[in-house]
Amino acid sequence: MTDAHTAGPFIAAIDQGTTSSRCIVFDRDGRIVSVDQKEHEQIFPKPGWVEHDATEIWTNVQEVVAGAVEKAGITRDDIKAIGITNQRETTLVWDKNTGEPVHNAIVWQDTRTDALCRELGRNVGQDRFRRETGLPLASYFAGPKARWLLDNVDGVRERAEAGDLLFGTMDTWVIWNLTGGVNGGKHVTDVTNASRTMLMNLHTMQWDEKIAESIGVPTQMLPEIRSSAEVYGEITGGRLGDLLGGIPVASALGDQQAALFGQTCFSEGETKSTYGTGTFMVMNTGDKLINSYSGLLTTVGYKIGDQDTVYALEGSIAVTGSLVQWMRDQMGLISTAAEIETLALTVEDNGGAYFVPAFSGLFAPYWRSDARGVIAGLTRYVTKAHLARAVLEATAWQTREIADAMTKDSGVELTALKVDGGMTSNNLLMQTLADFVDAPVVRPMVAETTCLGAAYAAGLAVGFWNSTDDLRANWRRAAEWTPRMDAEIRDREYKSWLKAVERTMGWLEDEE
Ligand SMILES: Nc1ncnc2c1ncn2[C@@H]1O[C@H](COP(=O)(O)OP(=O)(O)O)[C@@H](O)[C@H]1O
Ligand SMILES: O=P(O)(O)OC[C@H](O)CO
C-alpha cells in the first residue's frame with residue numbers, strides 16, 4: 001500500500017524470470033511500493049530439455065501486473081511507464097495472426113542443441129561466431145534453439161518463410177502482447193536481449209545476415225532491434241488494456257543487464273554478480289568491446305535511447321541456487337533452501353569434499369558441454385554437513401574463476417563486488433565469497449535490482465528520472481563482508497577445487 005513516504009507518481013517493472021514472473025511498483029527514490037509474483041511450470045520432456053508454456057507465462061504476467069497495481073492501491077494515472085526485464089535466451093516462435101506459440105518456449109538451460117552447435121563448430125568454425133557475436137557456440141543461446149524449432153516442429157519452416165511466424169525471446173513476447181498482440185503488437189527486442197541470440201553482430205548492433213544464414217534462421221522472423229530505454233508502444237487491449245491502457249512500455253533489458261543497471265554500475269570496471277538459479281557476473285566495459293580470451297562472453301550492457309552503447313563482459317554460471325534446490329528436492333538433505341546455511345555451520349570446513357555441479361555441462365569460463373557433475377575428495381569422514389559446505393563453496397569458487405577471467409580480459413582488478421539475488425540472504429555464503437575472491441562483497445538495500453534496473457531504464461525513457469546520476473543517489477549499502485581468509489589456505493583450497501573441476505570434463509562421449 002502507498003503511504004506518505006511513497007507518494008506517486010510511480011514506475012512499474014515486470015521481471016519475466018526462469019521460475020516466476022513478478023511485477024514491482026517503485027517510487028521516485030527507487031523504493032518498493034508493491035510486489036506481486038507467480039511461478040510457472042517447469043517442463044522437463046527429456047533429460048537435459050527444459051521448456052516453458054509461453055501462454056501460461058503471458059497469463060501470469062497479466063495477473064502479477066494487475067496484482068501489483070491493486071496492492072499499491074494506485075491507478076493508471078499514477079504510473080508513468082512500465083519496463084520489462086526477462087530471463088534471457090529462452091526462445092519462442094509464434095503465429096502473428098493467431099498469437100499461438102508453435103511449441104513451448106525452449107529455456108536457456110536446455111541442452112538439446114548441443115549436437116547442432118558441435119556441427120556448426122565443425123562447418124563454420126568457433127571463431128567466426130565469437131568475433132561477430134561475442135559468444136562461444138553453445139546450446140545456451142537463442143539462435144540454435146530457433147533453428148531446432150524450424151527443423152523439428154511440423155510446418156514451422158514453411159510458415160516462417162511465408163512470413164506468418166515471429167521469433168522472440170521473452171521480452172519480445174511480453175512487449176508484443178502488452179502492445180496489442182494480433183492487433184498491431186510491436187515486434188521488437190532490445191540490444192541486450194538481441195546480443196544473446198548469437199544472431200546479432202556486436203559491431204553493427206543489427207542482425208547479421210550471414211550468421212543467421214549459417215545457423216539456418218530466416219531474418220524476416222526476427223524482431224526489430226531497439227535501445228533498452230525508449231517507448232516501444234503503449235499498453236493496449238485485453239485485460240491490462242482495460243486497467244492500464246495507454247501507459248508507455250518504455251524499457252527492455254535482459255535480467256542480468258537490468259541488475260547491472262539497478263546496481264547503478266554505470267562506470268567502466270563496475271561489476272555486479274547475481275545469485276539466483278544460476279549466477280551471472282557482469283562488468284561494465286564502457287565503450288570498449290573487449291574480446292574475451294578467458295572464456296567470458298562479450299555482450300551489451302545497455303543502451304539508453306540514442307546514447308552510445310555500453311558494452312559488458314559476462315561470466316555465466318549455470319548452476320548455483322539450483323544446486324541448493326537439488327540438495328533439498330532430489331537429495332532431501334535439507335527441507336528449505338535457508339537450511340543449507342544452518343547445516344553447513346555445524347562443521348568447520350568441507351571435510352575434504354569438493355562439489356562441482358556441472359549438471360548442464362560447464363558454462364564460463366570452460367564452455368564444456370561434455371562435463372557432468374562430480375563430488376571429489378570423498379572419504380568416510382565426510383558428512384552431509386560437509387557436503388552443505390561444499391555446495392556453498394561451489395558457488396564461491398565458480399565466482400572466483402570468473403573474477404580471475406574478468407581481470408585477465410579487462411585488466412581491471414576487482415576492488416568490490418556488488419551482489420544481489422535470492423542466495424545473498426545466506427551470510428555464510430557471502431563471507432565465503434569475500435574470502436575466495438579476496439575482495440569486499442556489498443549488498444544494496446533494494447535486493448530486487450533486476451526489476452529496479454528495468455524501472456530505472458523506463459523512467460529515464462519518459463523523463464521520470466533525468467540522468468544516471470539521479471539513480472546513483474538511490475543506491476544504499478545494506479551489508480558488507482570483508483575477506484578474512486589466510487592467503488595460503490585460500491591458494492591450497494583453490495588448487496583442490498580446480499583439480500575437482502578437471503574431473504568433470506569429458507564425461508559425455510562425442511556421440512552422446
Ligand atoms: N538462504 C539461502 N541459501 C542458499 N541458497 C538460497 C537461499 N535462499 C534461496 N536460495 C536459492 O536462491 C534461488 C532463488 O533466488 P532468486 O533470486 O529468486 O532466483 P531466480 O531469480 O533465478 O528464480 C533458489 O535457487 C534457491 O535455492
Ligand atoms: O531468470 P533468471 O534469474 O534465472 O536468469 C536467467 C538468465 O537470464 C539466463 O541467461
Side-chain angles (χ1 to χ4, degrees), residues 14-22 24 35 37-40 42 50 52 57 84-91 105-110 135 138-142 145 169-171 192-193 195-198 252-260 262 272-282 297 299 312 314-331 333-345 357 359-360 363-364 388-389 391-396 419-433 443 447-451 453-454:
I14 297 168
D15 177 4
Q16 199 306 288
T18 309
T19 52
S20 70
S21 303
R22 72 189 93 172
I24 303 186
V35 184
Q37 178 167 357
K38 193 149 192 229
E39 291 199 358
H40 54 265
Q42 305 295 311
V50 190
H52 290 158
I57 284 181
I84 319 293
T85 177
N86 56 288
Q87 54 169 323
R88 305 164 305 167
E89 300 96 11
T90 297
T91 301
I106 304 182
V107 177
W108 60 276
Q109 299 146 325
D110 189 294
L135 309 173
S139 59
Y140 179 28
F141 305 109
K145 296 182 197 291
T169 40
M170 298 319 278
D171 54 317
T192 66
N193 278 293
S195 75
R196 319 296 295 199
T197 56
M198 212 165 212
L253 289 143
D255 54 9
Q256 303 310 320
Q257 283 89 343
L260 184 77
K272 73 87 204 178
S273 197
T274 300
Y275 293 86
T277 317
T279 285
F280 303 87
M281 191 193 284
V282 183
L297 310 180
T299 196
E314 174 176 317
S316 331
I317 307 170
V319 178
T320 53
S322 53
L323 179 59
V324 176
Q325 287 168 3
W326 181 84
M327 289 284 278
R328 183 193 63 195
D329 304 337
Q330 259 95 326
M331 295 295 105
L333 292 174
I334 47 176
S335 52
T336 63
E339 252 179 53
I340 193 97
E341 183 173 11
T342 328
L343 182 59
L345 281 170
F359 293 168
S360 348
F363 280 18
R389 280 251 168 196
V391 160
L392 297 179
E393 290 182 358
T395 293
V419 297
D420 50 71
M423 291 186 95
T424 62
S425 60
N426 188 315
N427 274 302
L428 175 61
L429 172 61
M430 293 300 101
Q431 183 57 52
T432 308
L433 196 55
R443 192 177 65 202
E448 296 285 356
T449 53
T450 303
C451 269

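Counting starts at 1 for both ligands and their atoms, following the listed order. Because the structure is predicted, anything quoted here is derived from the model rather than measured.
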Nearest-contact summary for atom 18 (O) of ligand 1 - protein heavy atom, Å: R22 NH2, 4.0 Å
G17 near ligand 1 by a heavy-atom separation under 4.0 Å: no
Atom of L433, atom of A396 and distance for their closest heavy-atom approach: CD1-CA, 3.8 Å
Closest protein heavy atom to atom 3 (N) of ligand 1, given as residue, atom name and distance to 0.1 Å: N426 ND2, 3.0 Å
Those atoms of ligand 2 less than 4.0 Å from some heavy atom in G17: 1 (O)
R88 N/O to ligand 2 N/O under 3.5 Å: yes
Proximal ligand 2 atoms for Y140, defined as those under 4.0 Å from one of its heavy atoms: 9 (C), 10 (O)
Test of proximity, R196 against ligand 2: N or O pairs below 3.5 Å: no
Pairwise side-chain contact, F280 with D255, heavy-atom cut-off 4.5 Å (strictly under): no
Donor-acceptor pair between D420 and T274 side chains, under 3.5 angstrom: yes
Residue, atom name and distance, where the atom is the protein heavy atom closest to atom 26 (C) of ligand 1: G321 O, 4.0 Å
Check: M281 and E314 side chains under 4.5 Å, non-hydrogen atoms: no
For A337, the ligand 1 atoms whose distance to one of its heavy atoms is below 4.0 Å: 2 (C), 3 (N), 6 (C), 7 (C), 8 (N), 9 (C), 10 (N), 27 (O)
Heavy-atom closest contact (Q16 atom, S21 atom, distance): NE2-OG, 3.1 Å
Ligand 2 atoms in contact with T18 (distance to a heavy atom under 4.0 Å): 1 (O), 2 (P), 4 (O), 5 (O), 6 (C)
Protein residue, atom and distance nearest to atom 22 (O) of ligand 1, heavy-atom basis: T277 OG1, 2.6 Å
4.0 Å heavy-atom contact, T19 with ligand 1: yes
Side-chain touch V324/V391, heavy atoms, less than 4.5 angstrom: yes
Protein contact of atom 17 (O) of ligand 1 - nearest heavy atom, named by residue and atom, plus distance: G422 N, 2.8 Å
Polar atom proximity, D255 to ligand 2 (N or O, under 3.5 Å): yes
Min heavy-atom dist E341 to ligand 1 below 4.0 Å: no
Contact check, side chains of I24 and D15, non-hydrogen atoms, under 4.5 Å: no
Contact summary for E341 and N426, nearest pair of heavy atoms: CD-OD1, 3.4 Å
Numbered atoms and elements of ligand 1 in range of S322, under 4.0 angstrom, heavy atoms: 25 (O)
Atoms in ligand 1 with a heavy atom of I340 nearer than 4.0 Å: 3 (N), 4 (C)
Flag for Q37-S20: side-chain donor and acceptor within less than 3.5 Å: yes
Distance, nearest 0.5 Å, that separates CD1 of I57 from CG of N86: 10.0 Å
Nearest protein heavy atom with distance in Å, relative to atom 13 (C) of ligand 1: G276 C, 3.9 Å
Backbone or side-chain N or O of G278 under 3.5 Å from ligand 1 N or O: no
Closest protein heavy atom (residue, atom, distance) for atom 12 (O) of ligand 1: M423 CG, 3.6 Å
E89: numbered ligand 2 atoms lying under 4.0 Å from its heavy atoms: 9 (C), 10 (O)
Any side-chain heavy-atom pair of T91 and M170 under 4.5 Å: no
Residue, atom name and distance, where the atom is the protein heavy atom closest to atom 24 (C) of ligand 1: Q325 NE2, 3.3 Å
T299 and Q257, any side-chain heavy atoms less than 4.5 Å apart: yes
Option whose closest heavy atom lies nearest to atom 1 (N) of ligand 1, chosen from G421, S20, A259, A338: A338
Validation row: T18, Q109 side chains within 4.5 angstrom (heavy atoms): yes
Verdict with supporting geometry, K145 and D110, side chain to side chain contact (heavy atoms under 4.5 Å, CB included): CA-CA 9 Å; K145 296 182 197 291; D110 189 294; 4.0 Å; yes
Q87-ligand 2 polar pair, N/O distance under 3.5 Å: no
